[in-house]
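So the structure is just underneath, and the comments pick up after that.
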Number of protein chains: 2
Amino acid sequence: MPDRVTIAQVAEEAGVSAMTVSNVLNGKPGASDETRRRVLDVAQRLGYQPNISARNLKAGRSGLIGVLTLDLTTQYGLEIVRGIADELAAAERELLINATYQDGVREMERIEFLSRGLVDGVLMVAPVLDEETVELLRRKNIPCVVIDPRRQDVALPRVIVDNYEGMRRGVQHLLSLGHTRIGYIRGESDMDSSSIRFRGFCDALTLAGVEVDPRLVVDCDFTYAHGFQAASALIGEHRPTAIAAGADLIAFGAVDAARALGLSVPDEFSVLGFDDLPQASQSFPGLTTVRQPLHDMGQTAARALLSILDGQRLLLDRMQLPTELIVRGTTAAPADVDAILDRLLASSRGTSDDAVGASGQDA
Amino acid sequence: MPDRVTIAQVAEEAGVSAMTVSNVLNGKPGASDETRRRVLDVAQRLGYQPNISARNLKAGRSGLIGVLTLDLTTQYGLEIVRGIADELAAAERELLINATYQDGVREMERIEFLSRGLVDGVLMVAPVLDEETVELLRRKNIPCVVIDPRRQDVALPRVIVDNYEGMRRGVQHLLSLGHTRIGYIRGESDMDSSSIRFRGFCDALTLAGVEVDPRLVVDCDFTYAHGFQAASALIGEHRPTAIAAGADLIAFGAVDAARALGLSVPDEFSVLGFDDLPQASQSFPGLTTVRQPLHDMGQTAARALLSILDGQRLLLDRMQLPTELIVRGTTAAPADVDAILDRLLASSRGTSDDAVGASGQDA
DNA sequence: CTGTTAGCGCCTTCAC
DNA sequence: GTGAAGGCGCTAACAG
């Protein structure tokens, strides 16, 4: 508890009432220049600053916005939070960031807690949103906007992206390079966006007259380690010439899996990501990926929440943002993977095993 | 502003006074079982939850801790914040995270704002700490603990790590592998930790009877792009067999710079990092690096702040945590770099230029 | 122009 | 056992 100067102290010191101090400091009219000067002077000297909590209690608001996100280290969520923070900074509102760890129960508990006068509204990044949670939000009438919810049909104002078009375009890019044996790593299966992206993948292939080979399709958590694993298996068993991943983290794992098997990316193996995390451009070669406008998603959601808080009924309940293919260095025309793999397996088996071990040790 | 049920409403509905409701809900004695039951029943039915802001105003605290960190995307800072969050969760305190963007003025402004009754104390990650800021903290008597401050001699409770030992051990590891031409990329020059790590580097070399070659030492921002650039120049001009970097981000850049020049890591070129960011283990090959206990640093600082808030005078003003060498896959015995580079430069110049371009396009 | 009153929602104190 | 009074720090509304 820092030392605090109260309005009463300033009032006494200046020989006026608290009300006058309040008026002067808030730039209200009705105070002689003489008084005004004296009050400002004393306030300055004492280092008085109004107590924000008290002011908010009075105003029936807290000035805080609750943000529920996956955790404090996932780049995906943080890029969105950055967008939120940038938008909210202008509105003089602070963020209360909470990690949910994708746990529906924890998610609801946090909302329950935050809604006890702590925050004026809530933004949720990739929320689980159990039925009861939605019910809670409605019942307590908590202003809320969700971003990329796991179930996209949830009855709350929401910001989503065009997953279908994004993946379709990305896969078309692979097809146009000449790939036809394309592995697909789906991401988490309980997310609507995973299925939607997969539809984009299938439609792209079908449109190009390529059949979808179910053996080339696997599910996988949104992590580097799982991506590495899934890609290793896929390449080893079914020898695609390229992999399309449901997320950048998976794609990074796939790139390194190919490398660990001795395949050079992109000359001998192509990888397509989805997200465009900062790391996608900060790696070598840069990752070809489908960009989600993460920062913009956060901004859009924050803006929508602010307009709800301003009492404006929201025009759109469903805000869909476009995705964009970003071609960097992990995609190229296919090589004869079979021949290359045969060569690698025949020659140096020991070397590549060692290499995998070194990376995998604490992943 | 969510719909709120107040204690008065519950009191009326239950036919008792607000006081009784408060007592019952806070588990205070002195209420007949009959009354108790009725109050709990009504509170439950109305969904009453005490307003936290009001409670805090009364208690003269906010339950919030301000956290000033670099920004919302730097892994280094976020790992520390994660430690803070984990420690504070147990204490039922919420975090108000603020980005400073390493701007001393903004840093002070945020503290000024937060100290207006918004937070009970402040934790600062890698703060700039201008004189006036320290003065402000003292004057307003704001409980504060800093983590890895840019100037380590600042007169505030602080958590730091053993930078010297860490880098010394890391460089000894390179020396023990047989490297003698070791490039050093220092990190930002206005940070004490940069100079301290550099001393560790120099002493390790000197102790091994290797002279420090000033041409092999460069400064560089803590970013991938700058690391890439600095390492490219260093390798191209002075041909070290290894590089020790002042931060993992720089090291990632160095690894990719070596790759871009056609050098295989670690067989033909070694790289040592400093930090052990999550990405260090989630890459291929895994990065050999000096681990800072980031999560622990956050926890330690949070614990210290809590004890200050509890009114306990802090025992230690300077808490130093150990570092640890983590050997992964980017270090190995040196190869004949001169020969390799000559070979590469002589043969395919076009290819490697293309590759660098692909990565650099938006880095 | 300035001050008094009152109340935001809660809880500590003390009287009944 | 229960409740009335009062106050945390601030400001809207009204009174002087």
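Letters A, B, ... are given to chains in the order of the sequence lines, protein chains preceding strands, and every chain is numbered from 1.
The CZ-P distance, from R36(B) to dT2(D), rounds to 9 Å in whole Å. Atom CD in E34(B) sits roughly 9 Å away from atom P in dT2(D) (whole-Å rounding). Distance CZ (R61(A)) to P (dC8(C)): 18 Å, rounded to an integer number of Å. Protein atom CG of L25(B) is 13 Å distant from nucleotide atom P of dT12(C), rounded to whole Å. Here the P atom of nucleotide dT2(C) and the CZ atom of R37(A) are 12 Å apart, to the nearest Å. Remark: C1' of dT11(D) and CZ of R116(B) are 14 Å apart, rounded to the nearest angstrom. For the pair N56(A) CG and dT11(D) C1', the computed distance is 12 Å after rounding to whole Å. Straight-line distance from the CE atom of M19(B) to the P atom of dC14(C): 13 Å, rounded to whole Å.
Distance alone, capped at 3.5 Å, places no donor-acceptor pair between the E94(B) side chain and the G63(B) backbone. N56(A) places a side-chain N or O within 3.5 Å of a backbone atom of I52(A) that can act as its donor or acceptor partner.
Within the structure, a side-chain polar atom (N or O) of K28(B) is placed less than 4.0 Å from OP1 or OP2 of dT12(C). Close to dG1(D), at under 4.0 Å from its OP1 or OP2, lies no side-chain N or O of T20(B). Between S22(B) and dC11(C) there is a side-chain polar atom (N or O) within less than 4.0 angstrom of OP1 or OP2. Between S53(A) and dG9(D) there is no side-chain N or O to OP1 or OP2 distance below 4.0 Å.
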Please set out all donor-acceptor pairs under 3.5 angstrom arising from side-chain atoms of residues 97-108 of chain A, sequence neighbours excluded.
unit_1	atom_1	unit_2	atom_2	d
N98(A)	OD1	R110(A)	NE	2.8
N98(A)	OD1	R110(A)	NH2	2.8
N98(A)	ND2	L96(A)	O	3.2
T100(A)	OG1	T69(A)	O	3.2
T100(A)	OG1	Q102(A)	N	3.3
Q102(A)	OE1	R150(A)	NH1	2.4
D103(A)	OD1	V105(A)	N	2.8
D103(A)	OD1	R106(A)	N	3.3
R106(A)	NE	A99(A)	O	2.7
R106(A)	NH2	A99(A)	O	3.0
E107(A)	OE1	V128(A)	N	2.8
E107(A)	OE2	V128(A)	N	3.3
E107(A)	OE2	L129(A)	N	2.6

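Where A59(B) and S17(B) each meet DNA chain D at their nearest nucleotide, the meeting point lying more 5' is that of S17(B).
When heavy atoms are screened at a 4.0 angstrom cut-off, N23(B) is found touching no nucleic acid atom at all. Backbone-only contact: N26(A) has heavy atoms under 4.0 Å from sugar-phosphate atoms and none from a base. Nucleic acid contact class of T35(A) (heavy atoms, under 4.0 Å, all strands): sugar-phosphate only.
Picking from dG6(D), dC1(C), dC10(D) the nucleotide with the shortest atom distance to the side chain of K58(B) gives dG6(D). Closest approach to the L57(A) side chain among dC11(C), dG9(D), dT2(D) is made by dG9(D) (side chain taken as heavy atoms from C-beta onward). Here the nucleotide nearest the side chain of R55(A), chosen from dT2(D), dC10(D), dG9(D), is dC10(D).
The existence of a salt bridge linking R38(B) and E34(B) is confirmed by a sub-4.0 Å separation between a basic side-chain nitrogen and an acidic carboxylate oxygen. Here E79(B) pairs with R82(B) in a salt bridge; the nearest charged N to carboxylate O distance falls below 4.0 Å.
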